[in-house]
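Working notes, structure below.
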Amino acid sequence: MARLDLHLHTTHSDGSLPPAEVLALAHKAGVTALAITDHDITTGIPEALEAGAGFGIEIIPGVEISSRFGENELHILGYFLDWQDPALNARLAGLRDSRHRRNPQIVERLRALGCDLTYDEVRELAGTESVGRPHIARVLMEKGYVKSAKEAFDRFLAQGKPAYVPRDLPEPAEAMAWIRAAKGVPVLAHPLWAKQNDAGLFTLCGRLKAEGLGGMEVHYSTHNPKQTAELLDIATRLDLLVTGGSDFHGMTKPDIEVGVGKGGLTVPVKLLDPLRKAASA
Ligand SMILES: [Zn+2]
Ligand SMILES: [Zn+2]
């Protein structure tokens, strides 16, 4: 069935497959248009555009930026942005620098906990400038300290666990302004991560809309039908665009597949044109 997937990660951030391989999986899954949304980096987009032309899949330039939300994070997706915009890329480079300040501190904590690894090993495995905790998790897996990325997060890397170190993050309004300045549409990723009830999420999204939010990721791999319906209701009441995607990462999230998520995901093709129109408005 024809479908979209507007949330995908590649080896340019913490995904385990390069863009061309993600595109091949998308083609198999019936995806007609997709967005590469690597964390804090746009270098995967040219490779995706080239592979997309071969498969006849439209590539929407995208990015995912983490922002501060109290002790928690809000992730802001940007769509149809000018991915070559120098100001945007300078800001993303600043975010990657903050990762390079944080990651060695995480590695130091892991070493103190008895895990023998170095940040050079993590950077080598990552092979990109956008280095994150999933790369650290993979080194821990390869060295046999954990059996899965999930175990690495549950035991060491997640917030509140012994190797957790907070990162300097922009405010949501800042991240959205950067995306708007690059002619993109800011969209709240996986809204349930904000851990709000319906009323709280409605209030939060209303505030974000006043600060520049254009849409909400209603369709997502882990949403059940009830949650999808509730989010759709909030998006409709706030006149936010509706988007969706798998948040595919490859082996870091092995139960999530391109296009179909855990099997039940379908992001309707009709959602694309309103998003495109909003970007060119
Ligand atoms: Zn995210
Ligand atoms: Zn993501």
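Residue numbers start at 1 and run along the sequence shown. Computed from a predicted model, the values in this text were never measured in an experiment.
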**Request:** Could you walk me through whether H12 and D38 pass the side chain to side chain donor-acceptor pair (under 3.5 Å) test, one step at a time?
**Result:** CA-CA 7 Å; H12 289 262; D38 277 312; 5.6 Å; no
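- Side-chain contact check for E217 and H219: no donor-acceptor pair (N or O, by modelled atom type) lies under 3.5 Å.
- Using a distance-only test at 3.5 Å, with no hydrogens or angles considered, no donor-acceptor pair links the side chain of R180 to the main chain of A175.
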**Request:** Show the numbers, then the answer: is there a side chain to side chain contact (heavy atoms under 4.5 Å, CB included) between L231 and H223?
**Result:** CA-CA 10 Å; L231 292 172; H223 293 172; 3.3 Å; yes
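- Here the closest non-hydrogen pair linking E64 and A189 is OE2-CB, 3.8 Å.
- D97 has its side chain within reach of R101: a pair of non-hydrogen atoms, C-beta onward, lies under 4.5 Å apart.
- The CD1 atom of I256 sits 11.0 Å away from the CG atom of L8 when rounded to the nearest 0.5 Å.
- Taking the six-membered ring for Trp and thresholds of 30 and 60 degrees, H39 and H249 have ring planes inclined between 30 and 60 degrees apart.
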**Request:** Take R138 and E142 through the salt bridge (Lys or Arg N to Asp or Glu O under 4.0 Å) test and state the conclusion after the steps.
**Result:** CA-CA 6 Å; R138 270 161 60 192; E142 286 188 3; 5.5 Å; no
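- Side-chain contact of S98 with R167: a donor-acceptor pair under 3.5 Å is present, judged by distance alone.
- The CD atom of E174 lies 10.0 Å from the CG atom of L169; values are rounded to the nearest 0.5 Å.
- By the neighbour-count criterion of 12 heavy atoms within 6.0 Å, atom NZ of K150 is sparsely surrounded, having that number or fewer from other residues, nucleotides or ligands.
- Within the cation-pi definition used here (under 6.0 Å to the ring centroid, within 45° of the axis), R237 qualifies as a partner of F202.
- Within the 4.5 Å cutoff, side-chain heavy atoms of Y119 are placed close to those of V131.
- L272 contributes atom CG, which lies 4.5 Å from atom CZ of R276 (distance to the nearest 0.5 angstrom).
- Using a 4.5 Å heavy-atom cutoff, the side chains of V185 and L275 are in contact.
- A 4.5 Å side-chain heavy-atom check between S246 and D5 finds at least one atom pair inside the cut-off.
- E50 places no side-chain N or O within 3.5 Å of a backbone atom of E47 that could act as its donor or acceptor partner.
- Using a 30° and 60° split on the angle between ring planes, H190 and W193 fall in the parallel class, below 30°.
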